[in-house]
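Chain identifiers are assigned alphabetically (A, B, ...) following the order of the sequence lines, protein sequences preceding nucleic acid strands; residue numbering begins at 1 within each chain.
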Amino acid sequence: MHAYRTHTCGQLRKADVGKTVRLSGWVNRRRDHGGLIFIDLRDHYGITQCVITPENPAFAAVDTARSEWVLTFTGKVVDRLEGTVNADLPTGEVELRIEAVTVQGKAQELPLPVFGDQEYPEDTRLTYRFLDLRRERLHKNIMLRANIITSLRRRMIEQGFTEFQTPILTASSPEGARDFLVPSRRYPGQFYALPQAPQQFKQLIMVAGFDRYFQIAPCFRDEDGRADRSPGEFYQLDLEMSFVTQDDVFAAVAPVLAGVFAEFANGKTVTPHDQFPRIPYAEAMLKYGTDKPDIRNPIEIVDVSAVFARDDVEFKAFKAKTVRAIPAPGAGPQPRSFFDKLNQWARGEGAAGLGYILFEDENGALVGKGPIAKFIPPAALAEMAKIAGSKAGDALFFSADAKADRAANIAGQARTRLGRELNLIPQDEYKFCWIVDFPMYEWNEDEKKIDFSHNPFSMPQFDRDAFMALDKADKDTILNIKAYQYDIVCNGYELSSGAIRNHDPDVMLKAFEIAGYAREETEEKFKGMLNAFRHGAPPHGGTAPGIDRIVMLLAGEENLREVTMFPMTQSAQDLLMNAPSPANNKQLKELHLRVVYPEK
RNA sequence: GGGGGCGUAGCUCAGUUGGUUAGAGUGACGGCCUGUCACGCCGUAGGUCGCGGGUUCGAGCCCCGUCGCUCCCGCCA
């Protein structure tokens with residue numbers, strides 16, 4: 001007989017009755033009846049109830065066992081007595097009659113009980129991650145993650161993609177997030193950087209004549225975390241293709257994502273891969289106030305600046321401002337506190353507040369109620385209702401600001417809050433969309449200059465010759481240039497960001513020149529890439545869906561830590577392994593480093 | 001870097017306007033119990049109220065500072 005087990009704890013069934021078997025696992029739960037002890041033995045595969053009575057010589061040993069001890073039981077599989085079958089357990093028709101026990105590992109009193117679904121504080125969970133991972137929720141999530149990654153790999157390979165590895169110790173990339181640096185021992189004062197993404201490598205792979213690359217790629221960014229953004233490191237399904245248009249990339253990626261979502265959606269509906277709506281960036285900012293809209297939320301923001309600009313509308317606070325209206329269907333009957341709360345929230349966000357109008361029916365006519373209704377005469381009110389599609393019983397909130405993007409942003413957040421509080425967001429759907437036509441550049445008001453708006457390596461949607469001829473005087477034209485850049489958004493989470501790349505070295509130099517980088521500077525910083533582009537670069541493009549967020553959505557979790565095996569805290573510490581930690585003097589000396597602590 | 005929330009027994013939490021000896025559940029330990037599956041019953045131990053300072057006759061509670069976790073803003077091409 002095997003030293004530890006003949007079966008797993010999830011395996012035994014009625015057909016095994018009569019067999020002598022050996023099980024190993026953790027004590028999930030112990031029920032001591034004095035003359036009868038039940039032990040629920042748990043392993044990766046399941047739980048089996050084991051039972052022992054005092055006449056057995058092993059009884060004393062079993063009697064001492066406590067939660068989370070690791071035991072090996074040898075005994076006979078028996079039918080459960082009439083009426084004691086546990087329908088909740090796959091193994092619930094049988095139990096193990098213990099004949100011998102070996103204690104493989106004892107456990108101290110638990111700082112974090114494994115049994116039960118009690119919530120525990122984050123630092124306790126992270127310090128004792130190995131215990132937390134034994135618990136059903138995390139154990140299930142981590143297995144889901146593994147299965148999703150397996151499925152993604154299979155789907156990519158089926159589509160003709162090949163997985164290649166790219167370096168982890170590499171060069172700092174000059175734009176984007178803060179790098180993690182690794183000091184060089186052999187080159188004093190010089191540093192490797194961990195890749196923020198394999199961006200340049202995957203482009204070089206295309207230049208190198210491979211096609212259809214993918215990688216489950218670790219990415220490192222030294223930026224602060226959020227619930228949906230791990231500090232430090234995360235994984236992307238990184239992919240790149242040669243000789244493709246934007247449509248080709250869409251056609252390759254959407255089936256993989258829609259497919260993997262459908263596979264693990266657990267009954268929720270998923271947008272079919274050929275029906276992801278394509279929403280231009282500008283439209284998204286107007287209708288949803290964000291570039292990652294949750295399109296399950298039926299609310300659509302409209303611009304009503306023109307209504308407040310009318311001569312017959314006297315509301316001075318909204319004059320000469322961008323005014324966005326957020327329809328709140330059916331919000332009319334909400335109590336006053338509902339409106340006050342939203343208003344208070346908006347003030348907390350730095351807005352002047354959220355004005356609102358309630359539409360009511362008076363003898364067949366639509367009238368406005370609420371604090372600012374008296375400033376809006378019937379004709380203007382009717383125009384507003386028409387634009388917003390409002391009817392009696394609805395409310396309309398207003399976000400106004402001299403800066404259009406601020407008005408849009410507050411409106412977007414209000415839309416999300418209203419959708420949640422009015423229960424307008426269906427919980428049984430995964431709704432995908434593409435956000436397309438991102439602007440190539442944006443105006444930096446602080447420094448009075450043109451900046452890249454998103455990805456500097458994207459191909460501008462512009463005639464090549466005309467682009468090459470642009471100069472500073474063409475500011476308005478430049479700020480209107482779109483890029484072949486696109487995001488995939490699902491239920492309000494940005495799942496992936498990608499682009500058709502700029503593979504033309506002259507256009508690339510020009511693009512950087514427009515953003516204020518001298519030619520020599522660009523040449524120096526992207527020497528490798530530009531050099532490659534000068535030796536025969538194919539048109540190429542790709543994208544990189546975030547694995548962690550995909551798993552988070554499919555697990556129904558709202559925090560990435562719940563789908564990460566060994567996550568760090570929000571402040572980027574590993575409480576289990578105790579990282580970061582100081583280097584000793586020998587290490588520092590070898591690396592030619594001296595630590596200068598910040599002044600207090 | 002900034003704002004909000006939290007921090008009391010191993011764990012999860014309660015703790016009234018500032019007032020006697022800081023409680024409960026769970027876990028631990030001991031006792032009883034042969035059919036439970038969150039087993040039940042009885043008992044015992046267990047506290048730097050995150051830490052430091054202040055106000056007060058008196059602080060878990062009020063004030064100041066600080067640390068930790070968390071959510072958000074900044075940041076994340």
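- For a distance-only test at 3.5 Å, the side chain of A:Q49 qualifies as a donor-acceptor partner of the base of B:U36.
- A:N559 comes within 4.0 angstrom of the backbone, heavy atoms only, and of no base.
- At a threshold of 4.0 angstrom between heavy atoms, the contacts of A:E119 are confined to the sugar-phosphate backbone, with no base atom among them.
- Looking at A:R97, its side chain comes within 3.5 Å of the base of B:G35 through a donor and an acceptor atom.
- Contact annotation for A:E95: base contact, defined as any heavy-atom pair under 4.0 Å involving a base atom.
- Note on A:L112: nothing from the nucleic acid sits closer than 4.0 angstrom, heavy atoms only.
- In this structure, A:E109 reaches the bases: a heavy-atom distance under 4.0 Å links it to at least one base atom across the strands shown.
- For A:E122, taking side-chain heavy atoms from C-beta onward, the closest of the listed nucleotides B:U70, B:U12, B:C11 is B:U70.
- The base of B:C76 does not come close enough to the side chain of A:D224 for any donor and acceptor atom to sit less than 3.5 Å apart.
- The phosphate of B:U34 has neither OP1 nor OP2 within less than 4.0 Å of any side-chain N or O from A:R31.
- A donor-acceptor pair shorter than 3.5 Å can be found between the side chains of A:Y213 and A:Q215.
- Contact between the side-chain N/O atoms of A:R221 and the OP1/OP2 oxygens of B:C75 is not found at any separation under 4.0 Å.
- Residue-to-nucleotide contacts include a donor-acceptor pair under 3.5 Å from the side chain of A:R229 to the base of B:C76.
- For A:R80 against B:C37, a side-chain N or O and a base N or O form a donor-acceptor pair under 3.5 Å.
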